[in-house]
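Here is the structure we will look at.
So that the names make sense, note that chain A is the first sequence line, chain B the second, and so on, each numbered from 1.
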Amino acid sequence: MAEGHLISIGLLAAMVVSAACALAVKDLLAAAALFGAFSFLTATWFALVGAVDVAFTEACVGGALTTILFVSTAFRTGRRFD
Amino acid sequence: MGTAPPGRPPAPGTPRVRRLLGAAAFPALFVGLVVGMTQLPEFGDPASPASTHLSPRFIEDAAAETGAANMVTAVLADYRGYDTLGEAAVIFAAGLGCLVILAAAGARPDPPGAGMSHPFGSVVLDAATRILVPVVLLFAVYVLIHGHVSPGGGFQGGVLFGSGLIMMRLVWGPAHEGRAHQPAVPAFGPGLRGSLVLACAGILAYVGIGLAAMAFGGEFLNYGTLPLGGDPAHVRELATLGIEAAVFLTVAGTVAVLFDTISIGMRESGAPLPPGDGDSA
(Lines give C-alpha, C1' and ligand atoms only; values in the text may rest on other atoms or scores of the structure.)
Protein backbone atom coordinates (compact mmCIF):
# COMPACT_ATOMS: atom_id res chain seq x y z
CA MET A 1 0.00 0.00 0.00
CA ALA A 2 3.02 2.25 0.51
CA GLU A 3 3.68 2.61 -3.23
CA GLY A 4 -0.02 3.26 -3.74
CA HIS A 5 0.18 6.11 -1.26
CA LEU A 6 3.27 7.51 -2.97
CA ILE A 7 1.60 7.44 -6.40
CA SER A 8 -1.49 8.98 -4.88
CA ILE A 9 0.48 11.84 -3.31
CA GLY A 10 2.37 12.42 -6.55
CA LEU A 11 -0.85 12.56 -8.56
CA LEU A 12 -2.52 14.90 -6.08
CA ALA A 13 0.51 17.21 -6.06
CA ALA A 14 0.55 17.26 -9.86
CA MET A 15 -3.17 18.07 -9.82
CA VAL A 16 -2.60 21.05 -7.56
CA VAL A 17 0.28 22.29 -9.73
CA SER A 18 -1.64 21.94 -13.00
CA ALA A 19 -4.71 23.64 -11.50
CA ALA A 20 -2.63 26.56 -10.22
CA CYS A 21 -0.88 26.88 -13.59
CA ALA A 22 -4.23 26.83 -15.41
CA LEU A 23 -5.33 29.76 -13.27
CA ALA A 24 -2.06 31.64 -13.68
CA VAL A 25 -1.43 31.51 -17.43
CA LYS A 26 -2.79 34.34 -19.58
CA ASP A 27 -3.05 32.27 -22.74
CA LEU A 28 -6.50 30.67 -22.75
CA LEU A 29 -5.38 27.88 -25.08
CA ALA A 30 -2.65 26.94 -22.60
CA ALA A 31 -5.15 27.14 -19.76
CA ALA A 32 -7.47 24.74 -21.59
CA ALA A 33 -4.61 22.30 -22.17
CA LEU A 34 -3.56 22.52 -18.52
CA PHE A 35 -7.14 21.93 -17.46
CA GLY A 36 -7.20 18.84 -19.67
CA ALA A 37 -4.03 17.62 -17.97
CA PHE A 38 -5.70 18.23 -14.61
CA SER A 39 -8.65 16.12 -15.72
CA PHE A 40 -6.49 13.24 -16.82
CA LEU A 41 -4.60 13.29 -13.51
CA THR A 42 -7.94 13.31 -11.69
CA ALA A 43 -9.17 10.39 -13.77
CA THR A 44 -5.99 8.45 -13.06
CA TRP A 45 -6.38 9.06 -9.36
CA PHE A 46 -10.04 7.99 -9.43
CA ALA A 47 -9.00 4.76 -11.12
CA LEU A 48 -6.26 4.30 -8.53
CA VAL A 49 -8.70 4.46 -5.62
CA GLY A 50 -11.06 2.03 -7.33
CA ALA A 51 -13.75 4.33 -8.75
CA VAL A 52 -13.41 3.09 -12.31
CA ASP A 53 -16.79 4.35 -13.52
CA VAL A 54 -16.09 7.83 -12.22
CA ALA A 55 -12.62 7.74 -13.76
CA PHE A 56 -14.12 6.79 -17.11
CA THR A 57 -16.57 9.67 -16.94
CA GLU A 58 -13.89 12.14 -15.88
CA ALA A 59 -11.60 11.06 -18.71
CA CYS A 60 -14.41 11.41 -21.28
CA VAL A 61 -15.93 14.64 -20.03
CA GLY A 62 -13.01 16.47 -18.43
CA GLY A 63 -10.18 15.23 -20.59
CA ALA A 64 -11.86 15.34 -23.97
CA LEU A 65 -15.14 17.18 -24.07
CA THR A 66 -14.63 20.25 -21.87
CA THR A 67 -11.17 20.74 -23.35
CA ILE A 68 -12.68 20.84 -26.84
CA LEU A 69 -15.40 23.24 -25.69
CA PHE A 70 -12.86 25.50 -23.95
CA VAL A 71 -10.61 25.55 -27.00
CA SER A 72 -13.47 26.36 -29.36
CA THR A 73 -14.68 29.08 -27.00
CA ALA A 74 -11.17 30.54 -26.87
CA PHE A 75 -11.04 30.51 -30.67
CA ARG A 76 -14.28 32.43 -30.85
CA THR A 77 -13.75 34.97 -28.11
CA GLY A 78 -10.07 35.79 -28.26
CA ARG A 79 -7.09 33.91 -27.04
CA ARG A 80 -5.69 36.06 -24.29
CA PHE A 81 -7.02 36.98 -20.88
CA ASP A 82 -5.49 40.07 -19.27
CA MET B 1 -6.44 37.49 -11.03
CA GLY B 2 -7.58 39.92 -8.41
CA THR B 3 -8.81 42.39 -11.01
CA ALA B 4 -12.41 43.13 -11.81
CA PRO B 5 -13.78 41.59 -15.01
CA PRO B 6 -13.37 43.88 -18.01
CA GLY B 7 -16.24 46.12 -18.91
CA ARG B 8 -17.55 46.40 -15.37
CA PRO B 9 -15.61 49.03 -13.39
CA PRO B 10 -15.90 48.33 -9.66
CA ALA B 11 -17.27 50.90 -7.27
CA PRO B 12 -14.47 52.74 -5.46
CA GLY B 13 -13.34 51.07 -2.27
CA THR B 14 -14.87 47.66 -2.90
CA PRO B 15 -11.84 45.76 -4.25
CA ARG B 16 -9.88 46.32 -1.04
CA VAL B 17 -12.76 45.13 1.16
CA ARG B 18 -13.35 42.20 -1.13
CA ARG B 19 -9.68 41.26 -1.08
CA LEU B 20 -9.57 41.44 2.73
CA LEU B 21 -12.69 39.31 2.98
CA GLY B 22 -11.15 36.81 0.60
CA ALA B 23 -7.90 36.77 2.53
CA ALA B 24 -9.82 36.05 5.73
CA ALA B 25 -12.23 33.53 4.24
CA PHE B 26 -9.67 31.39 2.40
CA PRO B 27 -7.61 30.25 5.42
CA ALA B 28 -10.75 29.73 7.49
CA LEU B 29 -12.30 27.56 4.77
CA PHE B 30 -9.02 25.70 4.23
CA VAL B 31 -8.54 24.91 7.92
CA GLY B 32 -12.19 23.95 8.29
CA LEU B 33 -12.02 21.53 5.38
CA VAL B 34 -8.77 19.95 6.56
CA VAL B 35 -10.12 19.52 10.11
CA GLY B 36 -13.34 18.11 8.71
CA MET B 37 -11.39 15.66 6.56
CA THR B 38 -9.61 14.19 9.56
CA GLN B 39 -12.99 13.26 11.03
CA LEU B 40 -14.02 11.28 7.95
CA PRO B 41 -13.80 7.49 8.16
CA GLU B 42 -10.67 5.96 6.65
CA PHE B 43 -10.97 5.29 2.93
CA GLY B 44 -12.44 1.81 2.48
CA ASP B 45 -12.96 1.39 6.24
CA PRO B 46 -15.15 -1.72 6.64
CA ALA B 47 -16.50 -0.36 9.95
CA SER B 48 -17.74 2.96 8.60
CA PRO B 49 -21.53 3.52 8.57
CA ALA B 50 -21.66 3.48 4.77
CA SER B 51 -19.90 0.11 4.66
CA THR B 52 -22.00 -1.49 7.39
CA HIS B 53 -25.48 -0.19 6.58
CA LEU B 54 -25.71 0.87 2.95
CA SER B 55 -23.19 -0.98 0.81
CA PRO B 56 -23.98 -4.60 1.80
CA ARG B 57 -27.57 -4.21 0.66
CA PHE B 58 -26.48 -3.22 -2.85
CA ILE B 59 -23.51 -5.59 -3.02
CA GLU B 60 -25.61 -8.59 -2.05
CA ASP B 61 -28.87 -7.87 -3.86
CA ALA B 62 -28.06 -5.68 -6.87
CA ALA B 63 -27.15 -8.46 -9.31
CA ALA B 64 -30.14 -10.62 -8.35
CA GLU B 65 -32.61 -7.74 -8.36
CA THR B 66 -31.55 -5.80 -11.43
CA GLY B 67 -29.59 -8.27 -13.53
CA ALA B 68 -26.69 -5.81 -13.76
CA ALA B 69 -23.32 -7.18 -12.72
CA ASN B 70 -21.90 -3.65 -12.64
CA MET B 71 -23.32 -2.32 -9.39
CA VAL B 72 -22.67 1.27 -10.40
CA THR B 73 -25.04 0.88 -13.34
CA ALA B 74 -27.63 -0.84 -11.14
CA VAL B 75 -27.55 2.04 -8.66
CA LEU B 76 -27.45 4.83 -11.24
CA ALA B 77 -30.14 3.60 -13.60
CA ASP B 78 -32.39 1.65 -11.26
CA TYR B 79 -32.15 2.34 -7.53
CA ARG B 80 -31.68 6.06 -7.96
CA GLY B 81 -33.13 6.48 -11.42
CA TYR B 82 -34.85 9.63 -10.25
CA ASP B 83 -31.51 11.38 -9.60
CA THR B 84 -30.22 10.29 -12.98
CA LEU B 85 -33.32 11.74 -14.62
CA GLY B 86 -32.51 15.02 -12.87
CA GLU B 87 -28.91 14.88 -14.10
CA ALA B 88 -29.99 14.22 -17.68
CA ALA B 89 -32.47 17.09 -17.44
CA VAL B 90 -29.74 19.42 -16.12
CA ILE B 91 -27.46 18.53 -19.04
CA PHE B 92 -30.32 19.03 -21.47
CA ALA B 93 -31.17 22.39 -19.88
CA ALA B 94 -27.52 23.46 -20.16
CA GLY B 95 -27.59 22.64 -23.87
CA LEU B 96 -30.83 24.57 -24.32
CA GLY B 97 -29.44 27.54 -22.37
CA CYS B 98 -26.33 27.59 -24.54
CA LEU B 99 -28.51 27.45 -27.65
CA VAL B 100 -30.76 30.29 -26.50
CA ILE B 101 -27.95 32.57 -25.32
CA LEU B 102 -25.60 31.97 -28.25
CA ALA B 103 -28.35 32.14 -30.86
CA ALA B 104 -28.01 35.91 -30.74
CA ALA B 105 -24.23 35.70 -31.14
CA GLY B 106 -24.58 33.27 -34.02
CA ALA B 107 -26.76 35.74 -35.90
CA ARG B 108 -23.80 38.08 -36.14
CA PRO B 109 -21.73 37.25 -39.23
CA ASP B 110 -18.24 36.14 -38.30
CA PRO B 111 -15.36 37.96 -39.93
CA PRO B 112 -13.75 35.66 -42.51
CA GLY B 113 -11.45 33.11 -40.93
CA ALA B 114 -12.64 33.73 -37.38
CA GLY B 115 -13.58 30.91 -35.10
CA MET B 116 -13.38 27.25 -35.99
CA SER B 117 -16.09 27.62 -38.57
CA HIS B 118 -13.89 26.40 -41.39
CA PRO B 119 -12.73 22.79 -41.51
CA PHE B 120 -9.03 22.18 -41.05
CA GLY B 121 -8.93 20.33 -44.35
CA SER B 122 -5.69 18.40 -44.38
CA VAL B 123 -5.19 15.06 -46.10
CA VAL B 124 -3.69 13.47 -43.00
CA LEU B 125 -6.51 14.64 -40.74
CA ASP B 126 -9.10 13.57 -43.26
CA ALA B 127 -7.65 10.07 -43.61
CA ALA B 128 -7.17 9.65 -39.85
CA THR B 129 -10.71 10.81 -39.15
CA ARG B 130 -12.17 8.39 -41.68
CA ILE B 131 -10.54 5.55 -39.75
CA LEU B 132 -11.04 6.85 -36.23
CA VAL B 133 -14.62 8.08 -36.28
CA PRO B 134 -16.33 4.73 -36.98
CA VAL B 135 -14.26 3.12 -34.22
CA VAL B 136 -15.16 5.87 -31.76
CA LEU B 137 -18.87 5.70 -32.59
CA LEU B 138 -18.93 1.91 -32.37
CA PHE B 139 -17.00 1.94 -29.10
CA ALA B 140 -19.53 4.43 -27.72
CA VAL B 141 -22.38 2.03 -28.45
CA TYR B 142 -20.36 -0.82 -26.92
CA VAL B 143 -19.81 1.24 -23.77
CA LEU B 144 -23.55 1.87 -23.60
CA ILE B 145 -24.60 -1.76 -24.06
CA HIS B 146 -21.78 -3.29 -22.02
CA GLY B 147 -22.39 -0.91 -19.11
CA HIS B 148 -24.27 -3.70 -17.36
CA VAL B 149 -21.16 -5.77 -16.80
CA SER B 150 -18.22 -3.38 -17.15
CA PRO B 151 -17.51 0.24 -16.34
CA GLY B 152 -19.46 2.51 -18.60
CA GLY B 153 -23.07 3.20 -19.43
CA GLY B 154 -25.25 5.75 -21.10
CA PHE B 155 -23.44 8.83 -19.89
CA GLN B 156 -19.92 7.81 -20.90
CA GLY B 157 -21.16 6.28 -24.13
CA GLY B 158 -23.09 9.43 -24.95
CA VAL B 159 -20.07 11.64 -24.38
CA LEU B 160 -17.94 9.35 -26.57
CA PHE B 161 -20.55 9.39 -29.33
CA GLY B 162 -20.74 13.17 -29.09
CA SER B 163 -16.94 13.34 -29.30
CA GLY B 164 -17.10 11.33 -32.51
CA LEU B 165 -19.66 13.76 -33.92
CA ILE B 166 -17.45 16.70 -32.89
CA MET B 167 -14.42 15.07 -34.52
CA MET B 168 -16.25 14.96 -37.84
CA ARG B 169 -17.36 18.57 -37.47
CA LEU B 170 -13.81 19.71 -36.66
CA VAL B 171 -12.27 18.12 -39.72
CA TRP B 172 -15.06 18.18 -42.27
CA GLY B 173 -16.98 21.23 -41.17
CA PRO B 174 -20.52 21.46 -39.85
CA ALA B 175 -22.93 18.70 -40.76
CA HIS B 176 -25.67 20.17 -42.86
CA GLU B 177 -27.24 19.75 -46.22
CA GLY B 178 -25.62 21.33 -49.25
CA ARG B 179 -22.17 21.79 -47.73
CA ALA B 180 -20.11 23.83 -50.13
CA HIS B 181 -16.53 23.39 -48.95
CA GLN B 182 -15.83 19.66 -49.21
CA PRO B 183 -18.34 17.85 -51.35
CA ALA B 184 -16.15 14.74 -51.48
CA VAL B 185 -16.91 13.93 -47.83
CA PRO B 186 -20.17 12.08 -47.36
CA ALA B 187 -22.53 14.02 -45.14
CA PHE B 188 -22.99 11.99 -41.98
CA GLY B 189 -24.26 12.75 -38.56
CA PRO B 190 -27.02 15.01 -37.31
CA GLY B 191 -26.73 18.75 -37.72
CA LEU B 192 -27.68 21.20 -35.01
CA ARG B 193 -31.36 20.59 -35.43
CA GLY B 194 -30.96 16.83 -35.57
CA SER B 195 -28.83 16.87 -32.41
CA LEU B 196 -31.51 18.87 -30.64
CA VAL B 197 -34.12 16.32 -31.72
CA LEU B 198 -31.87 13.51 -30.39
CA ALA B 199 -31.53 15.21 -27.01
CA CYS B 200 -35.28 15.83 -26.75
CA ALA B 201 -36.01 12.23 -27.74
CA GLY B 202 -33.67 11.01 -24.99
CA ILE B 203 -35.36 13.01 -22.25
CA LEU B 204 -38.83 12.06 -23.50
CA ALA B 205 -37.86 8.37 -23.62
CA TYR B 206 -36.55 8.53 -20.04
CA VAL B 207 -39.76 10.10 -18.73
CA GLY B 208 -41.79 7.78 -20.96
CA ILE B 209 -40.23 4.65 -19.44
CA GLY B 210 -40.96 6.06 -15.99
CA LEU B 211 -44.57 6.82 -16.90
CA ALA B 212 -44.98 3.41 -18.52
CA ALA B 213 -43.96 1.81 -15.24
CA MET B 214 -46.69 3.90 -13.57
CA ALA B 215 -49.24 2.93 -16.18
CA PHE B 216 -48.68 -0.75 -15.38
CA GLY B 217 -49.23 -0.29 -11.69
CA GLY B 218 -45.79 0.52 -10.30
CA GLU B 219 -44.23 3.73 -9.06
CA PHE B 220 -42.54 6.25 -11.36
CA LEU B 221 -39.31 4.67 -12.69
CA ASN B 222 -39.91 1.44 -10.75
CA TYR B 223 -39.54 -0.85 -13.74
CA GLY B 224 -40.49 -4.17 -12.13
CA THR B 225 -44.06 -3.98 -13.35
CA LEU B 226 -43.34 -3.43 -17.05
CA PRO B 227 -44.85 -6.25 -19.15
CA LEU B 228 -41.65 -7.29 -20.92
CA GLY B 229 -42.01 -10.97 -20.03
CA GLY B 230 -39.71 -13.13 -17.98
CA ASP B 231 -38.63 -12.79 -14.40
CA PRO B 232 -38.50 -9.39 -12.66
CA ALA B 233 -34.71 -9.18 -12.75
CA HIS B 234 -34.72 -9.61 -16.53
CA VAL B 235 -37.45 -6.97 -16.92
CA ARG B 236 -35.42 -4.56 -14.79
CA GLU B 237 -32.32 -5.31 -16.86
CA LEU B 238 -34.14 -4.45 -20.09
CA ALA B 239 -35.66 -1.29 -18.60
CA THR B 240 -32.25 -0.23 -17.25
CA LEU B 241 -30.82 -0.62 -20.75
CA GLY B 242 -33.65 1.55 -22.04
CA ILE B 243 -32.85 4.20 -19.45
CA GLU B 244 -29.17 4.07 -20.34
CA ALA B 245 -30.04 4.44 -24.03
CA ALA B 246 -32.20 7.47 -23.19
CA VAL B 247 -29.31 9.06 -21.26
CA PHE B 248 -27.02 8.21 -24.19
CA LEU B 249 -29.26 10.06 -26.66
CA THR B 250 -29.63 13.05 -24.35
CA VAL B 251 -25.92 13.41 -23.71
CA ALA B 252 -24.80 12.76 -27.30
CA GLY B 253 -27.32 15.25 -28.67
CA THR B 254 -26.54 17.89 -26.08
CA VAL B 255 -22.79 17.56 -26.63
CA ALA B 256 -23.22 18.17 -30.35
CA VAL B 257 -25.58 21.10 -29.68
CA LEU B 258 -23.07 22.64 -27.28
CA PHE B 259 -20.23 22.35 -29.78
CA ASP B 260 -22.32 23.66 -32.66
CA THR B 261 -23.62 26.67 -30.78
CA ILE B 262 -20.25 27.56 -29.29
CA SER B 263 -17.94 27.03 -32.22
CA ILE B 264 -19.85 27.08 -35.44
CA GLY B 265 -22.77 29.39 -34.85
CA MET B 266 -26.35 29.13 -35.95
CA ARG B 267 -25.77 30.49 -39.42
CA GLU B 268 -23.49 27.75 -40.65
CA SER B 269 -25.37 24.94 -38.94
CA GLY B 270 -28.22 25.47 -41.34
CA ALA B 271 -30.60 26.48 -38.57
CA PRO B 272 -33.01 29.35 -39.03
CA LEU B 273 -31.73 32.69 -37.86
CA PRO B 274 -33.60 34.46 -35.10
CA PRO B 275 -35.69 37.43 -36.20
CA GLY B 276 -33.92 40.76 -36.37
CA ASP B 277 -30.87 39.35 -38.17
CA GLY B 278 -28.77 41.82 -40.03
CA ASP B 279 -27.07 45.01 -38.98
CA SER B 280 -28.57 45.03 -35.50
CA ALA B 281 -25.40 43.39 -34.18
Side-chain angles (χ1 to χ4, degrees), chain A residues 1-2 4-9 11-12 16 19-32 34 36 39-40 42-82, chain B residues 1-3 5-6 43-44 70-76 87 91 94-95 98 102 105-106 108 110-111 113-118 136 139-140 143 147 150-167 169-170 251-252 254-265:
Chain A
M1 203 56 220
H5 268 294
L6 270 183
I7 298 172
S8 203
I9 289 169
L11 280 174
L12 290 169
V16 171
C21 290
L23 278 176
V25 292
K26 297 284 183 201
D27 187 340
L28 290 180
L29 206 55
L34 281 163
S39 287
F40 269 114
T42 315
T44 315
W45 186 69
F46 282 152
L48 189 73
V49 297
V52 186
D53 268 273
V54 188
F56 195 173
T57 310
E58 177 64 32
C60 285
V61 177
L65 183 62
T66 53
T67 309
I68 295 176
L69 291 183
F70 282 153
V71 169
S72 50
T73 310
F75 261 100
R76 232 176 130 74
T77 54
R79 208 174 139 172
R80 290 195 60 82
F81 174 79
D82 297 302
Chain B
M1 320 298 101
T3 54
F43 182 78
N70 180 10
M71 266 173 281
V72 179
T73 298
V75 170
L76 281 182
E87 283 171 10
I91 293 166
C98 220
L102 293 176
R108 192 185 317 139
D110 279 332
M116 298 167 87
S117 49
H118 300 283
V136 169
F139 182 65
V143 166
S150 67
F155 194 83
Q156 293 95 325
V159 174
L160 279 173
F161 200 86
S163 304
L165 296 180
I166 289 179
M167 210 187 279
R169 283 155 155 77
L170 279 175
V251 173
T254 306
V255 161
V257 166
L258 280 175
F259 179 78
D260 275 358
T261 49
I262 288 179
S263 75
I264 295 168

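- Counting all heavy atoms, side chain and backbone alike, A:Thr57 lies closest to B:Gln156 at OG1-NE2, 2.9 Å.
- For the ring pair (Phe, Tyr, Trp, His ring centres under 6.0 Å) test, residues two or more places apart in sequence or in another chain that qualify with A:Phe70 are A:Phe35.
- Closest approach of B:Gly152 and A:Asp53 over heavy atoms only: N-OD1, 3.1 Å.
- Legend: residues meeting side chain to side chain contact (heavy atoms under 4.5 Å, CB included) with B:Ile166, ordered by chain and number and at least two apart, are A:Leu65, A:Ile68, B:Leu170, B:Val255, B:Phe259.
- For the pair B:Leu160 and A:Phe56, the minimum side-chain heavy-atom distance is below 4.5 Å.
- Annotation: residues 43-51 of chain A contacts chain B through A:Val49 [non-hydrogen atoms, separation under 4.5 Å].
- Proximity to chain A is absent for every atom of B:Val251, based on heavy atoms less than 4.5 angstrom apart.
- Under the ring pair (Phe, Tyr, Trp, His ring centres under 6.0 Å) criterion, B:Phe161 pairs with B:Phe248, not counting sequence neighbours.
- Here the CG-CD1 distance, from A:Leu69 to B:Ile262, works out to 4.5 Å after rounding to the nearest 0.5 Å.
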